[in-house]
Amino acid sequence: MKEILREIGMIARALDSISNIEFKEYALTKGQYLYLVRICENPGIIQEKLAEMIKVDRTTAARAIKNLEANGFVQKKEDPYNKKIKKLFPTSKGEQIYPLIKNENDYSNLIALEGLSEQESDLLFDLLQKVRKNVEKDWTFVKKGNKRNYK
């Protein structure tokens, strides 16, 4: 069997490492830029939905959001109808850095797909979406406390 997931992991870790280095001067490290992008693209999102979107546990998301809040990139606001719900919004500082993060992402996509035809890029995208959806089923299953059967 080809080690496809190993290849995907190496790509993801390399790009994450590059981003962490490039965004360090903005006090965005350890993947915090991922959270900021999703908050900018979905203002008012709640922490639980954000964690689900990024595929991390709530504790990991809470830690990243706390750091983003401490560095002035995001703010929490109470829901006017339910005081228990805290919605996440980018601050002006967060909105200012969003285009830089988006440009980095666009550039990384360009480099990653270099040498592929448009049809190959489309096919790769479609296939990776199928892989992600397959993995999401197991992710949801395990997050609910279930164990996968490896036999």
With heavy-atom distances below 4.5 Å as the criterion, would you say the side chains of [X] and [Y] are in contact?
X: Ile85; Y: Glu78; result: no
X: Ile101; Y: Leu28; result: yes
X: Leu127; Y: Val131; result: no
X: Lys55; Y: Val135; result: no
X: Asp16; Y: Tyr33; result: yes
X: Val56; Y: Leu34; result: no
X: Leu100; Y: Tyr26; result: yes
X: Lys66; Y: Arg63; result: no

Derivation and outcome, side chain to side chain contact (heavy atoms under 4.5 Å, CB included), residues Tyr35 and Gln47: CA-CA 10 Å; Tyr35 296 85; Gln47 186 172 310; over 6 Å; no
Which is it for Phe89 and Val74 under the side chain to side chain contact (heavy atoms under 4.5 Å, CB included) test, yes or no, and what are the steps along the way? CA-CA 6 Å; Phe89 293 90; Val74 300; over 6 Å; no
Same apolar cluster: [X] and [Y], side chain cutoff 4.5 Å:
X: Ile8; Y: Ile54; result: no
X: Leu113; Y: Leu128; result: yes
X: Met53; Y: Tyr98; result: yes

Among Lys137, Lys144, Lys143, which residue satisfies the side-chain contact (heavy atoms from CB on, under 4.5 Å) criterion with Thr140?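 With Thr140 as partner, side-chain contact (heavy atoms from CB on, under 4.5 Å) holds for just one option, Lys144.
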With a 6.0 Å cut-off (strictly less than), is the heavy-atom count around [atom1] of [X], excluding the residue itself, greater than 12?
X: Tyr107; atom1: OH; answer: no
X: Lys49; atom1: NZ; answer: no
X: Glu48; atom1: CD; answer: no

Side-chain ion pair, Lys102 and Asp106, N-O less than 4.0 Å: yes
Report yes or no: does [X] contribute a side-chain atom to a donor-acceptor pair with the main-chain N or O of [Y] at less than 3.5 Å?
X: Asn71; Y: Phe73; value: no
X: Asn42; Y: Arg38; value: yes
X: Asp79; Y: Lys84; value: no

Arg132 vs Gln129, side chain to side chain contact (heavy atoms under 4.5 Å, CB included): CA-CA, chis, key distance, verdict: CA-CA 5 Å; Arg132 177 185 47 80; Gln129 279 191 317; 4.0 Å; yes
Under the side chain to side chain contact (heavy atoms under 4.5 Å, CB included) rule, what do Leu50 and Ile65 come out as? Steps first, then yes or no, please. CA-CA 10 Å; Leu50 181 60; Ile65 291 164; 3.8 Å; yes
